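Here's the structure, in structure tokens; my notes come after.
Keep in mind that what you see is a predicted model, and the values were worked out from it rather than measured.
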Amino acid sequence: RELRSKAMAEEVCHETLLRVMQALRQQKVKEEAALPGFVAGTARNVIQEFRRKESRTAPLGDRDVAGETAEPLVDDSVRRAMQQVMARLK
């Protein structure tokens with residue numbers, strides 16, 4: 001419900017299961033009654049990680065991005081000065 005695709009939901013499930021199994025092997029969950037909360041918390045963390053990763057790699061799409069048709073951000077004299085400075089740095 002919180003993810004965009006079935007494939008991502010499956011990835012979250014697999015990653016959550018992997019982390020829970022590792023935690024159980026390392027005896028990080030001390031009581032059996034704590035297991036459901038631990039699984040839910042782990043899933044929540046995995047979902048957040050996936051969302052962060054997705055937002056970093058998401059295409060720009062319809063976002064308002066300055067293109068070639070937009071007005072120049074600086075005038076010609078500033079642009080030339082910047083080009084001269086960049087040429088010196090090379």
Atom pairs and distances, side-chain donor-acceptor, residues 21-31, under 3.5 Å, sequence neighbours left out:
unit_1 : atom_1 : unit_2 : atom_2 : d
Gln26  : OE1    : Lys28  : NZ     : 3.2
Lys30  : NZ     : Gln27  : O      : 3.0

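- Going from atom CG of Leu18 over to atom SG of Cys13 covers 12.5 Å, rounded to the nearest 0.5 Å.
- Rounded to the nearest 0.5 angstrom, Arg19 CZ and Glu15 CD are separated by 4.0 Å.
- Taking 4.0 Å as the cut-off between side-chain N and carboxylate O, Lys53 and Glu11 do not count as a salt-bridged pair.
- Residues Val46 and Val39 fall into different hydrophobic clusters, defined by Ile, Leu, Val, Met, Phe, Trp and Tyr side chains chained together at heavy-atom separations under 4.5 Å.
- Rounded to the nearest 0.5 Å, atoms CZ (Arg51) and CE (Met8) are 9.5 Å apart.
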